[in-house]
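The next block holds one structure in the form of structure tokens; read it before the comments.
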Amino acid sequence: MKIEIKNLTKTYSGGFKALDSVDLTITNGMFGLLGPNGAGKSTLMRILVTLMEPTSGQVLVDGKDISTYRKEIRKMVGYLPQDFRFFAKLKSWEFLDYAARLGGMNSKKERGMRVDEMLESVGLYEFRNRMANKLSGGMKRRLGIAQALIASPSMIIVDEPTTGLDPEERIRFRNLLSDLGRSETIIILSTHIVGDISSTCNQMALLNEGSLIYNGTPDHLVEQAEGFVWRTEVSQEVYDTLKTEVPIISTIPSGGGWEVQFVGDLPPGIEAMKVDPNLEHAYVHYMDNKLEHWNLK
Ligand code: ADP
Ligand code: MG
């Protein structure tokens, strides 16, 4: 399947432009939407799941405009909002059963089997009788993920799903999503955490202040930072100047000064060694360029 986002703009009622002429095509597989807080990720996701109308532009799913085919689109979508909350007074399994019913699963028997299966896959089976709002933070997230997946959606949209998870749960969650990579499924994962992208996504986009500043593979983004990542040892004095000139990404005490890694053009007078960039470096490099050269696109 294919999602085509065309010239999408969202201006909120106060006049704030949260999305600015976004063009993006997303095909089967796991798609990572990376950007800092306020970039417009949640806005984009709410539009994709038809909870909100864009100000202008359109979204086509397999050629169908989602504002015309709202009902059909909603049936295809599994959504985990960023601020996901549970209804009080429902046990974990009841909550999933409810979600499955909303997702159009009418057979009680079929739902029962699916609920158990989902509880197993997110590791909550032994907590199935616990009230959903009494689960720990990480468990609540997992139940949230289970409700998004229970009706076997072909468009899975999860907004900052790893926030608040501990490292072990984060890895478990990434694996759960990767396992879902069925052929006719699109998974869109938004995050401000670079590490969420590198391990799982075959395609990604970088959103900043409502504008799309990168769209491609994580590897290609990394290549963009080639030749812009440096390591050097500097005195305290040089360090103090350097940090006003370039984004410093790591600092380790060394001798009387610092061993630092930084991103960008090599400032005059500094000797440094090139470092092979990773996605984190590339992210810093891109964001820094965006701030400096406003019209990067
Ligand atoms: P992200 O999810 O990337 O953090 P959001 O889409 O939540 O970004 O928000 C993008 C921008 O739009 C932010 O500056 C935010 O303050 C603003 N915004 C979000 N929702 C509203 C709203 N309902 N009314 C006005 N401004 C909003
Ligand atoms: Mg958000």
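When a residue number appears, it is its place in the shown sequence, counting from 1. Computed from a predicted model, the values in this text were never measured in an experiment. Both ligands and their constituent atoms are indexed starting at 1 by order of listing.
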Check your understanding: At a 4.0 Å threshold, what atoms of ligand 1 neighbour a non-hydrogen atom of Pro36?
Key -> 3 (O)
Check your understanding: Would you say the side-chain atoms of Arg74 pair up with the backbone N or O of Thr50, donor to acceptor, closer than 3.5 Å?
Key -> yes
Practice item. Could you tell me the residue and atom name of the protein heavy atom closest to atom 6 (O) of ligand 1, and the distance to it rounded to 0.1 Å? Key: Thr43 OG1, 2.5 Å
Check your understanding: Under 3.5 Å, is there a donor-acceptor pair between the side chain of Arg231 and the main chain of Val275?
Key -> no
Study note, to complete from the structure: If you scan protein heavy atoms around atom 4 (O) of ligand 1, the nearest is Gly38 N, 2.7 Å
Point to revise | Geometric N/O contact Ala18 with ligand 1, under 3.5 angstrom | key: no
Practice item. Please identify which atoms of ligand 1 are closer than 4.0 Å to at least one heavy atom of Ala39. Key: 1 (P), 3 (O), 8 (O)
Review point. If you group Ile, Leu, Val, Met, Phe, Trp and Tyr by side-chain heavy-atom gaps below 4.5 Å, do Met105 and Tyr79 land in one group?
Key: no
Review point. Would you say the side chains of Thr217 and Asp219 form a donor-acceptor pair under 3.5 Å?
Key: no
Point to revise | N or O contact, Phe16 vs ligand 1, cut-off under 3.5 Å | key: no
**Study point:** Between His281 and Asn278, a side-chain donor and acceptor under 3.5 Å
**Key:** yes
Revision key, fill the gap. min-distance protein heavy atom vs atom 26 (N) of ligand 1 -> Tyr12 CD1, 3.3 Å
Review point. At what distance is the nearest protein heavy atom to atom 7 (O) of ligand 1, and which residue and atom is it?
Key: Ser42 CB, 3.6 Å
**Study point:** Candidate with minimal heavy-atom separation from atom 8 (O) of ligand 1, of Gly40, Gly15, Ser13
**Key:** Gly40
Review point. Between Asp62 and Lys2, is there a donor-acceptor pair closer than 3.5 Å when you use the side chain of the first and the backbone of the second?
Key: yes
Practice item. Answer yes or no: does an N/O atom from Lys41 fall short of 3.5 Å to an N/O atom of ligand 1? Key: yes
